[in-house]
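Working notes, beginning with the structure itself.
In this text the structure is predicted, and so the values were computed from the model without any measurement. Every chain is numbered from 1 and lettered A, B, ... according to where its sequence line falls, protein lines coming before strand lines.
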2 protein chains.
Amino acid sequence: MDPAKPSLELLRSLTDQHVLRALMQHRRLTRAELAAETGISKPTVGESVRRLTEAGVVVDTGERTPGGRGRGRVGSYYALAADAGTALAVSIAPEGIVAECVDAYGDTVSRAEQKIGRPARPQEVAAALRTAVAEARHSAGPTPHLAVVSAADPVHRTTGRMVQLPDSPFLLGELDPVEILAAHVDGPVTVDNDVNWAAQAERNNAGATTLTDFAYVFLGEGLGCAIVSDGEVRRGRTGLAGELAHLVTVGPSGQATRLIEVFGELGLRQSDSTAIDVDRLLAAATGTDPRALATRHALGQAVSGILAALGALADPEVVIVGGPWGSHPAILDTIAAAATQLPRHVPVRAAELMVEPSLTGARSDALNRLRAVIVAAAIGYSPPTPAS
Amino acid sequence: MDPAKPSLELLRSLTDQHVLRALMQHRRLTRAELAAETGISKPTVGESVRRLTEAGVVVDTGERTPGGRGRGRVGSYYALAADAGTALAVSIAPEGIVAECVDAYGDTVSRAEQKIGRPARPQEVAAALRTAVAEARHSAGPTPHLAVVSAADPVHRTTGRMVQLPDSPFLLGELDPVEILAAHVDGPVTVDNDVNWAAQAERNNAGATTLTDFAYVFLGEGLGCAIVSDGEVRRGRTGLAGELAHLVTVGPSGQATRLIEVFGELGLRQSDSTAIDVDRLLAAATGTDPRALATRHALGQAVSGILAALGALADPEVVIVGGPWGSHPAILDTIAAAATQLPRHVPVRAAELMVEPSLTGARSDALNRLRAVIVAAAIGYSPPTPAS
DNA sequence: CTTTCTAGGCAAGGGTCCTGCCTAGAATTG
DNA sequence: CAATTCTAGGCAGGACCCTTGCCTAGAAAG
């Protein structure tokens with residue numbers, strides 16, 4: 001049954017939820033401000049504050065006088081209890097591991113980084129992950145309520161494990177972040193691909209006109225893609241939507257070729273792995289000599305096949321291109337030029353977020369989940385949670 | 001603010017909503033049965049029934065005696081008022097137009113069909129549409145509350161108009177179903193592509209294990225595809241997700257080719273339009289002679305490119321193939337065989353629903369919307385409606 | 001010192017839901 | 001046929017929630 005069963009308990013929990021969310025957004029408020037903010041009457045807000053204070057979720061901050069705002073009676077500022085808890089946002093990438101603790105206000109209260117060697121050995125990555133998380137936790141109070149992990153490899157949707165796909169670079173190796181973090185976290189561990197998180201960050205970044213339907217193509221050592229439909233990242237059945245390696249596209253000499261093989265034919269793959277050699281690619285495809293021009297053109301043609309597929313299957317408002325070589329101006333221009341040749345035009349633009357985009361996306365998801373957890377714990381009633 | 005504001009009105013509307021939805025599902029119930037069904041107490045249900053009866057939404061059917069169910073006191077059966085209203089479900093296809101009125105119980109209370117000539121002339125189609133709808137309305141009481149339309153052409157998401165795309169067959173022509181039906185309907189007109197509706201019907205049909213992530217590929221005169229992600233059809237920004245004509249795939253001699261051009265190279269397109277000649281295709285691609293085998297193989301290769309793109313971008317649990325030539329056993333076998341050659345395996349199966357699949361999907365959506373409209377009209381409070 | 005103004009609390013009222021009990025009326029049973 | 005059993009519906013009482021309106025405490029302004 002979709003609509004919740006009516007009960008007075010439901011009403012009360014709704015009130016508490018409004019109060020809590022207002023406090024999360026505004027940090028500290030008096031009862032009167034809470035009433036104005038939520039639209040709920042003063043006595044009801046007062047009751048809710050009393051309940052939440054008794055439950056230990058909300059505390060009187062001790063701050064009083066509204067500081068010359070008006071001449072009336074002083075009010076008491078209330079805020080979330082200091083032990084409301086935190087959430088862990090973690091980024092696992094070949095460049096290193098970053099672990100952050102965020103609180104319910106969205107503040108990053110601690111941060112730890114760990115380098116990892118190349119090529120990464122799973123054991124080493126797991127150890128570095130544990131170290132980074134332990135370090136981040138150390139300066140951030142008790143066990144976090146949950147973790148959100150961004151990983152630079154394909155992630156299985158239901159298990160959260162990293163999976164090796166044929167012809168895809170496997171940068172970090174067989175890793176089970178859920179198992180590794182279970183000991184450090186007091187709740188669920190959500191894992192997803194770094195490109196998906198970057199896309200979410202880009203969506204949130206899009207200011208007034210929120211993007212609801214777009215694609216984010218990441219062109220680096222690996223070839224990834226996130227598809228946002230109706231405002232959400234769509235991951236597919238197993239979470240592997242957006243793994244582009246085997247998409248059929250235009251090869252260097254016009255033959256139908258799997259995308260990953262294009263790079264083999266152009267001699268741009270790393271010798272020892274399935275990854276693309278970004279340095280060699282940039283060296284070979286940028287510049288003004290005819291050879292570079294030809295390589296660039298071949299890349300543009302190959303990518304235009306991705307764009308055609310995205311246009312046909314996802315109908316995005318825009319395709320955002322990111323990644324070390326995808327965002328290179330010369331290459332991006334070539335891609336954009338190829339896009340205009342498509343029968344159905346697909347706008348292309350560069351990613352706007354450049355600093356830790358995937359961590360940004362994971363962090364914002366961690367914040368949403370943390371707030372939901374705190375609200376759910378404080379009130380008896382549990383509303384539907386976003387899909388993991 | 002996401003959660004609804006707490007108020008006693010909200011509680012009451014929730015109660016009424018439960019009662020109404022129970023009546024929609026079970027046609028007629030006594031107060032006691034309603035209480036048992038909804039889990040709400042008898043006095044509360046009694047109050048709700050009194051309110052809804054006074055509002056004219058619910059009526060005492062006059063039926064009394066529970067007919068030997070027990071020995072107790074006789075109960076009064078209540079049901080939705082007869083004038084609760086209907087919704088219109090319309091299918092517009094080259095084979096003809098079908099218009100149905102469904103009531104809140106999901107019963108089809110009237111049905112009208114209209115043939116249209118080939119090739120279809122927009123004026124003629126519009127006239128046939130008006131006739132069919134008028135006929136369906138005639139035997140079904142007052143003006144329907146809304147209409148849901150399935151159209152065998154690309155449909156623009158925000159306007160509901162049919163749009164002509166380059167290289168796509170345009171079977172029905174520039175038509176504006178929203179404008180045409182506005183006079184016949186007392187509310188919103190929802191229009192979508194026939195393949196999308198067929199996919200929804202297939203999803204609902206999937207019995208116990210509801211499909212949440214799959215793709216439906218339609219291979220007929222036109223080439224269409226519906227992508228269902230997280231349980232919903234994803235239409236993209238303009239509603240044109242799934243228009244496969246320009247997807248890059250494997251051509252007959254291995255070159256990268258837009259899907260629609262494959263049929264040109266094989267000589268399987270109708271001479272006067274951009275549509276595929278299904279009869280010629282079936283004649284050329286079925287049978288055991290080497291030539292048919294080669295054609296079938298070429299088609300299989302081309303379709304396998306679609307499957308690769310779907311696997312890469314949508315990660316479906318299964319790809320359902322339908323349409324006049326896609327569901328032909330010999331061709332489907334070839335497609336399935338080609339699918340097993342893909343690096344990432346994509347299961348393929350034939351569509352299960354064969355009779356009016358798109359009308360079935362549109363009808364079930366019309367029912368959902370009708371119920372929501374009736375509930376929203378009966379209670380003051382309006383819950384979030386599904387995206388159009 | 002008086003006035004003005006605001007945060008918070010109190011009281012009353014109206015609504016909603018629930019539990020528990022009662023009644024009417026029909027079928028079953030002795 | 002009369003007593004018993006059983007059920008739909010209604011009533012009373014109580015608990016709870018939200019709101020409006022009013023009051024009080026206390027600080028700033030005049």
Whole angstroms only, please: what is the [atom1]-[atom2] distance between [X] and [N]?
X	N	atom1	atom2	result
B:L10	C:dG15	CG	P	17 Å
B:K5	D:dC18	NZ	C1'	9 Å
B:L29	D:dT7	CG	P	17 Å
A:E9	D:dA15	CD	P	18 Å
B:H18	C:dC18	NE2	P	11 Å
A:E37	C:dA7	CD	P	14 Å
A:I40	D:dC17	CD1	C1'	12 Å
A:L14	C:dC17	CG	P	15 Å

List for me each residue that meets side chain to side chain donor-acceptor pair (under 3.5 Å) alongside [X], sequence neighbours excluded, and say none if there are none.
X	result
A:E232	none
B:R371	none
A:D107	A:R27
B:R50	B:E47, B:E54

Inter-end axis angle, the helix from C:dC1-D:dG30 to C:dG30-D:dC1, with every axis fitted to five base pairs (rounded, 10 degrees): 20°
Under the side-chain contact (heavy atoms from CB on, under 4.5 Å) test, which residues partner [X], sequence neighbours left out?
X	value
B:D192	B:N196, B:W197, B:R235
A:A199	A:F214, A:Y216, A:A226, A:V228
A:D230	A:D213, A:R234, B:R157, B:R234
A:S76	A:D60, A:R64, A:Y78

Among D:dT20, D:dA8, C:dG8, find the nucleotide with the atom closest to the side chain of A:T30. C:dG8
Of the listed D:dG9, D:dC17, C:dC18, the closest approach to the B:T44 side chain comes from C:dC18
May I ask you to say what A:S7 touches in the nucleic acid, namely base, sugar-phosphate or nothing, with a heavy-atom cut-off under 4.0 Å? nothing
Using a 4.0 Å heavy-atom cut-off, does A:L8 contact any base of the nucleic acid, only the sugar-phosphate backbone, or nothing at all? base
Give me, pair by pair, the N or O atoms of the protein and of nucleotides 21-26 of chain D that are less than 3.5 Å apart, along with how far apart they are.
{"from": "D:dG26", "atom 1": "N2", "to": "A:R73", "atom 2": "N", "distance (Å)": "3.0"}

Taking all non-hydrogen atoms of both residues into account, name the closest pair between B:A136 and B:A99 and its distance. CB-O, 3.8 Å
5'-most by nearest nucleotide on DNA chain D - B:S76 or A:G39: B:S76
Just list the side-chain donor-acceptor pairs under 3.5 Å for residues 137-145 of chain B, sequence neighbours left out, or say none.
none

Run the salt bridge (Lys or Arg N to Asp or Glu O under 4.0 Å) check on B:E37 and B:K42 step by step: do they pass? CA-CA 11 Å; B:E37 183 67 27; B:K42 268 194 301 173; over 6 Å; no
Can you see if the side chain of B:R12 gets near the phosphate of C:dT16 - specifically, an N or O under 4.0 Å from OP1 or OP2? yes
Tell me, which of residues 46-57 of chain A have any heavy atom that sits under 4.0 Å from an atom in DNA chain C? none
Give the C-alpha distance, both sets of side-chain angles, the deciding distance and a yes or no for salt bridge (Lys or Arg N to Asp or Glu O under 4.0 Å) between A:D365 and A:R369. CA-CA 6 Å; A:D365 191 60; A:R369 288 174 188 272; 2.7 Å; yes
